Colleague: 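Dumping the structure here so I can ask a few things about it.
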Amino acid sequence: MSLPDAATAAAAEAAARQSYGRLLAYLAYRWRDIAAAEDALAEAFASALENWPRTGVPRSPDAWLMTAARRNLLQMARHNRVVDDPAATILLPDEYTPAPDTTGPPFPDDRLKLLFVCAHPAIDPAVRTPLMLQTVLGLDAQRIASAFLVSPGAMAQRLVRAKTKITQTGIRFEEPEASELPGRTQAVLEAIYAAYTLGSDGAPAPDSAATELTDEAIYLADLAASLLPEQAEAAGLLALLLLCEARRGARFDADGAFVPLHAQDAARWNKPLIQRADQILWMAAARHTPGPFQLEAAIQAAHCHRAFTGAAVPWAGIAQLYGQLVALSPTVGAMVSHAVAVGEAASAREGLALLDALAARVGRPPLESYQPWWVARAYLLARAGSATELTDARACYTRAIGLTSLPAVRSHLQKQMSMLQNK
Amino acid sequence: MQYMLVYRQPGEEFNKAADPAQAANYFGAWKAYMGAMAQAGIMVNGHGLQPPQSGTIVQIRNGKRHIQDGPFADTKEHLGGYVVIDVPALDDALEWAARAPSTSIGSTEVRPVLPAPPAA
């Protein structure tokens, strides 16, 4: 088999990048079997690489790939002797025939159905994000596993199990009923958000998050917002990710040292991105359906405003927003951030009281390895400043350092700790 | 389940232990990491090792003994130490592996420990 030429490879890669998700969603929806659709599509791409050098790149690569994939599925059905299966007949070409010179998308966009399937209540929450990344974006299991710090073999197995479950339990590829839409949408959005934060160091505001899948997460958030224009929370998530993205360039200085949010040079933030996010958030607010992602976005927008006003961080307003957020969605991450905000707006000791209340509420075991709780505690104890509090701060910094995996953050915390010695 | 975490890093990293400017941070990071595992209640045992040059390699081939001071010349990453931890699943062991100071410059191998053989 000869290697594909450069034009073929480029065309196939472009089709994969732009259209993989749409192609797979269309096939999976009609065939009701994601794994089979994936295999058929993979074969179609392989045969494109083999044939296009000879026949030339088709005017509509997507239509070509779709036809090839459907043919593969039908062949598979015949091989498995399921020709009488209604699903097989639905897939026969009569459903539509794209005009040979179509260059635009030749088939409808079923990705929303696919997103809802991936985030279905029956799917294990831990595999929803990986499933989305694999089916909508075509990422391979090895890359997904590495990003989530999971064994690639184990990840591949979990994905296979999830897809089998979808087929066997007959989970329907459809948009939920209106009454279920907000809840099901929230599950989709949470899965997309998990791709942005990757749970690395558990930090809720992704100032220390790995950047591995941020582009993919933003793509999915943008897609969700465009496919769900009535859902304010989808807009909220997109605004949140854009605001975090706007500050990404300022997280490390020229020497690669970590720069915490309050110390970042706002001139290095992406102002057009902040403005775009503000606009998205503003329009979402007009729907009067507040939710956790809109609140988180509003908090990040408040942090970003000093880029335009040069004013100090509006901690009182931020603390209030966090108060609303934890009332609505009491995650450990939000409660830690709330405590820090109160520590800044009111007093360090009031913030510490909230951290202790959190520990009383969830118990110590889940917090023993939760780095942000220790960082927050160290920071507030250092601000409170009495001799016993400083000793305690040192112990908290030590623990936080032991729980940190990013070397730049570890160095930063070690520096903060050494500054305590001089007090 | 018990997993051994084996820490390896390039030779230059071991020099930090002897450098007064870097020793405090180097040992501070390892102490903090070991402390965090102890506090999490997962530590079974573990040891840091003296630097690679302090090791001696023993081989016997065809009845002949070969002894070498220090590591093999072509080894890129050298063993620095190990721990055995008891955690619910591999994912948890991988998370702890990611936190080791040497993981961002060397590599950490995670291996399930063989269960003890049944008593005779």
Side-chain angles (χ1 to χ4, degrees), chain A residues 124 126-127 130 144-155 157-158 198-202 208-210 212 256-258 363-371 373-375 378 394-418 420-421, chain B residues 1 3-7 9-10 12-13 16-17 19-43 46 48 80-81 83 85-112:
Chain A
D124 175 4
V127 85
I144 299 170
S146 299
F148 282 97
L149 209 52
V150 168
S151 135
M155 178 62 82
Q157 265 184 18
R158 288 176 204 172
L198 291 181
S200 88
D201 285 346
S208 58
E212 297 198 55
F258 175 75
R364 277 289 289 252
L367 295 176
E368 291 293 346
S369 310
Y370 187 63
Q371 188 250 29
W373 190 84
W374 295 93
V375 174
R394 253 169 243 125
C396 289
Y397 269 123
T398 301
R399 183 76 77 93
I401 288 162
L403 294 170
T404 298
S405 34
L406 282 184
V409 176
R410 196 184 294 128
S411 304
H412 168 77
L413 292 171
Q414 283 178 316
K415 208 169 85 173
Q416 297 300 110
M417 190 166 103
S418 69
L420 290 179
Q421 324 287 43
Chain B
M1 278 194 64
Y3 296 90
M4 177 175 278
L5 272 53
V6 182
Y7 306 112
Q9 60 187 13
E12 313 81 69
E13 280 302 293
K16 289 185 178 169
D19 176 2
Q22 305 191 70
N25 275 352
Y26 180 78
F27 286 117
W30 278 104
K31 238 181 99 182
Y33 172 61
M34 294 288 159
M37 285 193 284
Q39 290 294 318
I42 60 171
M43 183 79 93
V83 296
I85 57 175
D86 200 334
V87 290
L90 176 62
D91 289 0
D92 307 287
L94 295 179
E95 238 182 82
W96 283 107
R99 291 168 171 147
S102 53
T103 301
S104 40
I105 189 150
S107 62
T108 300
E109 184 176 352
V110 177
R111 285 243 226 135

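Treat the numbers as computed from the prediction; the structure is a model and nothing was measured.
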Colleague: Calculate, to the nearest 0.5 Å, the distance between atoms OG and CZ belonging to A:S369 and B:R99 respectively.
Modeller: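 Those atoms lie 5.5 Å apart.
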Colleague: Non-hydrogen atoms of chain A under 4.5 Å away: do they reach the side chain of B:A100, the backbone, both or neither?
Modeller: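 Contact with chain A: backbone only.
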Colleague: Is B:W96 in contact with chain A via its backbone, its side chain, both, or neither, using a 4.5 Å heavy-atom distance?
Modeller: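 The side chain, not the backbone.
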Colleague: Which atoms form the tightest heavy-atom contact between B:A36 and A:L403, and what is the distance?
Modeller: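 Result for this residue pair: CB-CD2, 3.8 Å.
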Colleague: How many angstroms lie between atom NZ of A:K415 and atom CG of B:N25, to the nearest 0.5 angstrom?
Modeller: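 It is 11.0 Å, given to the nearest 0.5 Å.
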Colleague: Take A:S405 and B:E95 through the side chain to side chain contact (heavy atoms under 4.5 Å, CB included) test and state the conclusion after the steps.
Modeller: CA-CA 9 Å; A:S405 34; B:E95 238 182 82; over 6 Å; no
Colleague: Which of the residues A:R399, A:E368, A:R364 is involved in the greatest number of heavy-atom pairs with chain B at under 4.5 angstrom?
Modeller: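 Max contact count across the listed options: A:R399.
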Colleague: Minimum heavy-atom separation for A:I401 to B:A29, with atom names?
Modeller: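 Shortest heavy-atom contact: CG2-CA, 4.2 Å.
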Colleague: Which bit of B:L94 comes within less than 4.5 Å of chain A, counting heavy atoms only: side chain, backbone, both or neither?
Modeller: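 Its backbone and side chain both get close to chain A.
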Colleague: Tell me which of these, B:Q39, B:M34, B:M37, has more heavy-atom pairs under 4.5 Å with chain A than the rest.
Modeller: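 Of the candidates given, the most pairs with chain A belong to B:Q39.
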